[in-house]
Amino acid sequence: MVRVRFAPSPTGLLHIGNARMAVFNWLFARRHKGTFILRIEDTDVARSEKKYMDQLIEDLHWLGLTWQEGPDTGGQYGPYLQSERLHIYHDFCQRFLKEGLAYRCYCTPEELEERRQIARLTGKPPRYDNRCRDLTDMQKKAFETSGLSFTIRFKVPEELLIFDDLIRGTCQFDMSLTGDFVIMRSDGTPSFHFAVAVDDTLMQITHVIRGEDHLSNTPCHILLFHALNQKPPQFAHLSLTMGADRTLLSKRHGAFSISEYRKLGYLPEALLNYMILLGWAPRNKKEKFKIDDIIDTFEIGTMSKASSVFDQQKLDWLSGQYTREADLERLTNLAIPYLQAAGFISTDENKIDRAKLRLIVDAVRNNMSCVSQIGQEADIFFKDAVVSEKHLEFLSSEISQSVLLSFYGELQKLATLSPEMFKEAFVAVQIETKVNGKGLYMPVRIALTGREHGPELYGITNILGIEACKKRIERFLLVKK
RNA sequence: GCCCCCAUCGUCUAGUGGCCAAGGAUGCCAGGUUCUCAGCCUGGAGACAGGGGUUCAAAUCCCCUUGGGGGUACCA
């Protein structure tokens, strides 16, 4: 039975890079019909906040991920908040101490820092020198009575540690370069390494899927698993995601938190699809897919070993694809808040003409890669054209005037204006004025929208309705009929 | 400095010794779609980091160099 976990620290908003790790854990669990667990690593009380945890859960759910065990869903291996597991780490630590696997270290952070500096300057590995490992009873007693605070360190054997990574193959580390590491901080909270090993053991994790940044922590964790009499899980270290400047993706690169993308109106399935594309390629080469399409062919071992650059343009392309195919009712609902914020429609849901809104959304969806762009695309339907000096001059020309006048004449013959009627009317205008192509459409387009670009004209007129069209044209008729 | 990981078009990738004078996607450029932008369709430019080996044969295996990334904490 496969059991995997995503174990974030609630110290900030969930980022694309981190979310991607969650996605692949989830994907792996689904692929192997296993259990996906959410565990919150909040032992760093100074930086952890409840609001980030809540946001994290919301973001993960929004992406469409679900877990079988977690702080919100419960489960038989809980609690799933490390801050509620402190006594567990404490007990294991006592056992380590009793069994001689760990010891108290009285070195102060300042001393350690100084020794690190010296090691670096002399070209030696900056490891802890294990000096508290073999204190004499006299020395121990002296430290005890002095009241100095202490950490607990794990005794690292000087051996060559070899392990197999599902993505990277065989990895080996010379542990003589590592030095005894801290498992309990002086404030009694566990270090990351210790908490992870204890929890992964107790929660019976079978596969640890995480970022490559943890690769060099892995030997330490394996040592701890051994000390816990636990067979280490299988490891899979995924390559990391970078920004355009090839540095690790971070806040500096812009809007990369999941909630930011949500606010921008990206569809979750598009984001999810894109995140999977980073580091993995579907066998059938179809880059736009539903999870169900790929779930049977997903093999974690085929993932890219090289880190990848996050490409906003490609995300926008994919997102545009999804936006074009999305259910119109859903898209319309998503668009409403943006149109309200722009002041284009009523904040009272009951006063919204939904039928008309659907037409508008449908008319402009081709030009959008995310829903927040609806405002700048759809404003032409809600306010009269603001015409520039240059356009005014264009509309005043003899040809433009003849087209506008002719079109206006056609409108007056009609009671309504369907796309078909519009096309017929334009044929009539074309015959009457002998103008065609750009010269024919552009005066009408600019008079109606104030822009040279936009959706198909017959769609615009259909949505505006005949009266509004007449009114907008009238503004630019120099000789009123 | 020390340790580890990595290296195919700008970007994401296919490629696991012959099917590769390297395929797809995105982005870019051009043409088409007899209104524009977008969309869609067609075409184009664009890469095996460099050097040594191994082999009849190397993008693929080995070594070195270079480049990138990560770690090196009482952060996770």
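The figures here come from the full heavy-atom set of this structure, side chains too, leaving out hydrogens, waters and symmetry mates.
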Side chains of [X] and [Y]: do they bring a donor and an acceptor to under 3.5 Å?
X	Y	result
Thr449(A)	Arg445(A)	no
His237(A)	His214(A)	no
Glu456(A)	Tyr441(A)	no
Ser369(A)	Gln373(A)	yes

Notebook entry, point to check: Are Tyr274(A) and Phe310(A) close enough that their ring centers fall under 6.0 Å?
Noted result: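 Between Phe310(A) and Tyr274(A), which both carry aromatic rings, the centre distance is below 6.0 Å.
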Next item on the list: Check whether any side-chain heavy atom of Leu249(A) sits under 4.5 Å from a side-chain heavy atom of Phe256(A), and report yes or no.
Entry: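 SC-SC contact between Leu249(A) and Phe256(A) confirmed.
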Check: Hey, are the side chains of Lys288(A) and Tyr322(A) touching, using non-hydrogen atoms and a 4.5 Å cut-off?
Finding: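 Lys288(A) reaches Tyr322(A) side chain to side chain.
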Counting the atoms with a prime plus P, OP1 and OP2 as sugar-phosphate, which does [X] contact under 4.0 Å by heavy atoms, base, sugar-phosphate, or nothing?
X	value
Ser308(A)	sugar-phosphate
Gly279(A)	sugar-phosphate
Arg246(A)	sugar-phosphate
His237(A)	nothing
Gln172(A)	sugar-phosphate
Arg127(A)	nothing
Thr43(A)	sugar-phosphate
Arg120(A)	base
Met368(A)	nothing
Gln313(A)	sugar-phosphate
Cys220(A)	nothing
Glu325(A)	nothing
Asn217(A)	base
Asp311(A)	base

When the [atom1] atoms of [N] and [M] are considered, how many whole Å apart are they?
N	M	atom1	answer
C4(B)	C63(B)	P	13 Å
C64(B)	C40(B)	P	48 Å
A73(B)	C29(B)	P	48 Å
U8(B)	A59(B)	P	15 Å
G68(B)	G32(B)	P	45 Å
C9(B)	G1(B)	C1'	36 Å
C28(B)	G46(B)	C1'	9 Å
C56(B)	A14(B)	C1'	27 Å

Is [N] paired to anything, Watson-Crick or G-U wobble with both distances less than 3.5 Å, and if yes, which nucleotide?
N	value
A30(B)	U42(B)
G1(B)	U72(B)
A58(B)	none
U36(B)	none
A7(B)	U66(B)
U16(B)	none

Notebook entry, point to check: Which residue lies toward the 5' end of RNA chain B, Met242(A) or Arg445(A), if each is placed at its nearest nucleotide?
Noted result: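 First, find each residue's nearest nucleotide; the 5'-ward one identifies Arg445(A).
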Checklist line | Most 5' of Arg283(A) and Leu177(A) on RNA chain B, judged by nearest nucleotide | finding: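 Of the two residues, Leu177(A) wins.
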Note to self: Enumerate the salt bridge (Lys or Arg N to Asp or Glu O under 4.0 Å) contacts for residues 294-309 of chain A, please, sequence neighbours excluded, ordered by first and then second residue.
What the structure shows: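 Output for this query lists Arg31(A)-Glu299(A).
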Checklist line | Terminal contacting nucleotides, 5' and 3', RNA chain B versus chain A (heavy atom, 4.0 Å) | finding: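 Here the contact window of chain A covers G1(B) to A76(B).
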Margin query: Testing the basics here: between Ser9(A) and Glu41(A), what is the closest heavy-atom pair and its distance to 0.1 Å?
Written below: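 In terms of heavy atoms, the two residues are closest at OG-O, 3.2 Å.
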